[in-house]
Amino acid sequence: MGAQSTASSRTFIEGIHGVQLIPHLPFLVQEVPLHGKRHPSKPEGAEANGANQNLLAWRIWQQRPSCLRPVHCNIQGDHSFAETIVNVLTSLPFIALGIQTPRKTLNSAMYANSLIGVGVASSLYHVSRGEVRKYLRWADYMMIATTTVCLSRALRIENPKLLMAASALFLPFQPLMVSAVHTGLMEVAFAKRALMKPELRMAHNLHKMSSLLGGALFIADDVFPETPYIHAAWHLAAAVGVGTCNKLLE
């Protein structure tokens, strides 16, 4: 009775839309076409087109810029003790700039404090070793992104609330993207004010040169990670660019 029931069930299952049970593999099922006919719910070529579109979308997503990628926290230390010392020393100017930044408004005060946080986070990251290093690297990126948001807010009080809310939402997960957006807003605001105030043009020219140099060094640090002192040079270029931004808050 049990054998007949099993055989009957097997015959019934195999008759459902081409389901075929593979012998000796009782938990594996395979779908095969019946009598050369395609599945009625899948038009010919639709599945292939869908797969090609998904593959194309995946390839485009894989080519996205680094600002849209999650932070990769490197737990490796600096290449030498001397490089660690240099990286820490070149992080200190951010603390000095934060102390000197005008604090005329709440937004400018928050920006000044965030600059101090950048210097502290960067110093802690470079002296750290082991597992804790990746968390401090994340904190370093977070502080940099926070600084750009605070500066953007201090310069452009009219920033849309939706933009600020989105920035706060993406800040922990995509700090590089947030930094890129608000750095762009700051650059536009700086250029507009330099056109209206001739006394800012020299500071703006210095800012443009330091920003271009800093961008090149940032890319070089990512492309040539084994080259020492590139990161420290980026610190200095970024510090010069930040120092020129303080002119906008005076």
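- Counting only distance, with no hydrogens or angles, the side chain of S122 and the backbone of V118 share no donor-acceptor pair below 3.5 Å.
- At least one donor-acceptor pair closer than 3.5 Å links the side chain of R133 to the backbone N or O of Y125.
- Hydrophobic cluster membership is shared by L213 and M186, with clusters built from Ile, Leu, Val, Met, Phe, Trp and Tyr side chains linked at under 4.5 angstrom.
- In this structure, NE2 on H182 lies 10.0 Å from OG1 on T146, to the nearest 0.5 angstrom.
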Verdict with supporting geometry, N87 and W234, side chain to side chain contact (heavy atoms under 4.5 Å, CB included): CA-CA 10 Å; N87 283 333; W234 174 72; over 6 Å; no
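- Placement of V120 and V132 within a single hydrophobic cluster is found when ILVMFWY residues are connected by side-chain heavy-atom separations under 4.5 Å, directly or transitively.
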Pair T183-E187, side chain to side chain contact (heavy atoms under 4.5 Å, CB included): steps then yes or no: CA-CA 6 Å; T183 297; E187 295 291 349; 4.3 Å; yes
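- When all heavy atoms of F94 and A238 are compared, the pair lying nearest together is CZ-CB, 3.9 Å.
- Transitive grouping of hydrophobic side chains (ILVMFWY, heavy atoms separated by less than 4.5 Å) brings L151 and M143 into a common cluster.
- Crowding of M142 atom CE: a count of heavy atoms from other residues, nucleotides or ligands under 6.0 Å exceeding 12.
- Of all heavy-atom pairs between S210 and G241, the closest is OG-CA, 3.3 Å.
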Trace of the side chain to side chain contact (heavy atoms under 4.5 Å, CB included) decision for H235 with H126: CA-CA 12 Å; H235 280 175; H126 285 292; 3.4 Å; yes
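- If you take CG on D222 and CD1 on I230, they are separated by 10.5 Å, rounding to the nearest 0.5 Å.
- The heavy-atom pair separating T101 from A112 by the smallest distance is CB-CB, 3.7 Å.
- Between the R193 side chain and the L248 main chain, a donor and an acceptor come within less than 3.5 Å of each other.
- Taking OG1 of T84 as the reference point, atom CG of L89 lies at 10.5 Å (rounded to 0.5 Å).
- Cluster annotation: L185 is not connected to M110 through the hydrophobic network of ILVMFWY side chains, with a link wherever side-chain heavy atoms come within less than 4.5 Å.
- Once rounded to the nearest 0.5 Å, the distance linking OH of Y111 with CG of L155 reads 8.0 Å.
- Taking both residues in full, the closest heavy atoms of A168 and P172 are given as O-CD, 3.6 Å, listed atom of the first, atom of the second, then distance.
- Not a single donor-acceptor pair under 3.5 Å links the side chain of S152 to the backbone N or O of V149.
- Formation of a donor-acceptor pair under 3.5 Å by the D140 side chain with backbone atoms of L136 is not found in this model.
- With values rounded to the nearest 0.5 angstrom, M202 atom CE is found 10.0 Å from K247 atom NZ.
- Cluster membership for V240 and M209, using ILVMFWY side-chain heavy atoms within less than 4.5 angstrom, is shared.
- Side-chain contact check for N113 versus R103: some heavy-atom pair is nearer than 4.5 Å.
- Of the N and O atoms on the side chains of S167 and R153, not one donor lies less than 3.5 Å from an acceptor on the other residue.
- Atoms CD and CG, from E226 and D221 in turn, are 10.5 Å apart once rounded to the nearest 0.5 Å.
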Stepwise side chain to side chain contact (heavy atoms under 4.5 Å, CB included) check, Y229 with T90: CA-CA 10 Å; Y229 305 114; T90 53; over 6 Å; no
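- Shortest non-hydrogen contact noted between G243 and L97 is CA-CD2, 3.9 Å.
- The main-chain N or O of H79 is found under 3.5 Å from a side-chain atom of E83 such that the two form a donor-acceptor pair.
- Residues L249 and A154 come closest through the heavy atom pair CD2-CB, 4.0 Å.
- Put simply, the side chain of P102 does not reach to within 4.5 Å of the side chain of S108, judged on heavy atoms.
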